[in-house]
Protein chains: 2
Amino acid sequence: MLRLSKLTDYATVILSFMARDNAQMHAAMEIAAITGIALPTVSKILKLLVNAKILISTRGAKGGYELARTPTEISIAAVISALEGPIALTECSISQQGCEQASGCEIRGNWNLINQTIHNALESVTLADMIRPTRSQDLAWKQEILIPVASLYR
Amino acid sequence: MLRLSKLTDYATVILSFMARDNAQMHAAMEIAAITGIALPTVSKILKLLVNAKILISTRGAKGGYELARTPTEISIAAVISALEGPIALTECSISQQGCEQASGCEIRGNWNLINQTIHNALESVTLADMIRPTRSQDLAWKQEILIPVASLYR
DNA sequence: ATAATTGAGGACTATTCTAGTACTATTTAA
DNA sequence: TTAAATAGTACTAGAATAGTCCTCAATTAT
């Protein structure tokens, strides 16, 4: 199923709300109330997004969270990485120590390629794209996503 | 991390071996011995691949498993689907009942789009691609993967 | 100054999912 | 009829995830 964690899913909901809303500063409690996600969970997610430099936090009374960049500059890949670490389908693509297959794993290089492909696809979609309506008549969206695989080899 | 399960990873190793090897029929025990994966685990994976019509099984003495199609006709997307169910990043993309976000989820359509994008990318890579060597001088591979996103809307 | 508000950081728990194993039935060849 | 091989299903242990809670730090308002 190639699953994304629930927290990541929540993160996109939260960020979409923040991108759509005019106000710049949002307290965690406010976000929890609006999205319907429990406050401690929202807090956890917001903290991760701050660490990943996707959000900026302000402490104290009247504090809260705001987007660090404009929605067009925040890619879905960045959000996923913030919540789940580096984007990669297989273990061996992350740790350099390689897998311990008896026969030797011949296909790691190709997995890396696929990882790159997907990463590129996710990199090309931004928060601004996510908050666009999906009805087909509103489609001033990207014509196509072009992934030059050959370039990955260079 | 956008993780793929270990079983799926194993499946690609197993299928790569079968695609590379000339012999048509391979018993589960043989595959276990060569790949170094425990026999019960190998069996489990092979059964799933049979159900997904990626492999054909023959029972009885001299039986075994063989590819149902040529390696160029087996996509990585099919393999992933066989092991993990439909390829989708978010829960709500699979079940039709929708999520129970208080504010209403505005972004489902866009997630579906991203799912489609990734699915297309995985669909375009086949088992034959996986067993190709990865050294750059051997690259008679695909020039690029073209994903016409606009067409998804029609 | 002091109190109130808000985020930071980390620890902890319960639940769910995954990986792996085992057992029994069924099919086929010799 | 026996041996070899897959089919199907159920079960267990371990790991990962989701979610919660508590204490500390920072800022603003009174």
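So you know, we letter chains A, B, ... as the sequences are listed, proteins then strands, and number each from 1.
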Let me know the distance between [atom1] of [X] and [atom2] of [N], rounded to the nearest Å.
{"X": "A:Leu48", "N": "D:dG19", "atom1": "CG", "atom2": "P", "result": "13 Å"}
{"X": "B:Leu83", "N": "C:dA19", "atom1": "CG", "atom2": "C1'", "result": "12 Å"}
{"X": "A:Leu7", "N": "D:dT20", "atom1": "CG", "atom2": "P", "result": "11 Å"}
{"X": "A:Ile56", "N": "D:dA26", "atom1": "CD1", "atom2": "P", "result": "18 Å"}
{"X": "A:Lys6", "N": "D:dA16", "atom1": "NZ", "atom2": "C1'", "result": "14 Å"}
{"X": "B:Ile45", "N": "C:dA19", "atom1": "CD1", "atom2": "P", "result": "9 Å"}
{"X": "B:Lys62", "N": "C:dA29", "atom1": "NZ", "atom2": "P", "result": "11 Å"}
{"X": "A:Leu55", "N": "C:dT6", "atom1": "CG", "atom2": "C1'", "result": "15 Å"}

Subject >> Residue met sooner reading DNA chain D from 5', once A:Ala38 and B:Ala61 are mapped to nucleotides >> reply: B:Ala61
**OP:** Any chance you could list the contact pattern along nucleotides 6-13 of chain D? Use B for base contacts, S for sugar-phosphate-only contacts and - for none, protein heavy atoms under 4.0 Å, 5' to 3'.
**Re:** SBBB----
Original post:
Is A:Ser5 near enough to D:dA18 that one of its side-chain N or O atoms lies under 4.0 angstrom from OP1 or OP2?
Top reply: yes
Original post:
For D:dG19, does either OP1 or OP2 sit under 4.0 Å from a side-chain N or O belonging to A:Tyr10?
Top reply: yes
**OP:** Compare the minimum distances between each of D:dT17, C:dG20, D:dT20 and the side chain of A:Thr41, then state the nucleotide with the smallest one.
**Re:** D:dT20
Original post:
Going through the distances and angles, do A:His26 and A:Ile34 end up as a side-chain contact (heavy atoms from CB on, under 4.5 Å)?
Top reply: CA-CA 11 Å; A:His26 298 278; A:Ile34 290 175; 6.0 Å; no
Subject >> side-chain contact (heavy atoms from CB on, under 4.5 Å) assessment of A:Gln24 paired with A:Leu67 >> reply: CA-CA 8 Å; A:Gln24 271 150 19; A:Leu67 297 179; over 6 Å; no
Subject >> Spacing of A:Leu15 atom CG and A:Arg20 atom CZ [to the nearest 0.5 Å] >> reply: 11.0 Å
Original post:
How far does CG of B:Leu55 sit from NZ of B:Lys47, to the nearest 0.5 angstrom?
Top reply: 13.5 Å
**OP:** Decide whether A:Ile56 and A:Ile31 are clustered together by the hydrophobic rule: side chain heavy atoms of Ile, Leu, Val, Met, Phe, Trp, Tyr closer than 4.5 Å, transitively.
**Re:** no
Subject >> Whether over 12 other heavy atoms sit under 6.0 Å from B:Met25 CE >> reply: yes
Subject >> More than 12 heavy atoms of other groups within 6.0 Å of A:Glu73 CD >> reply: yes
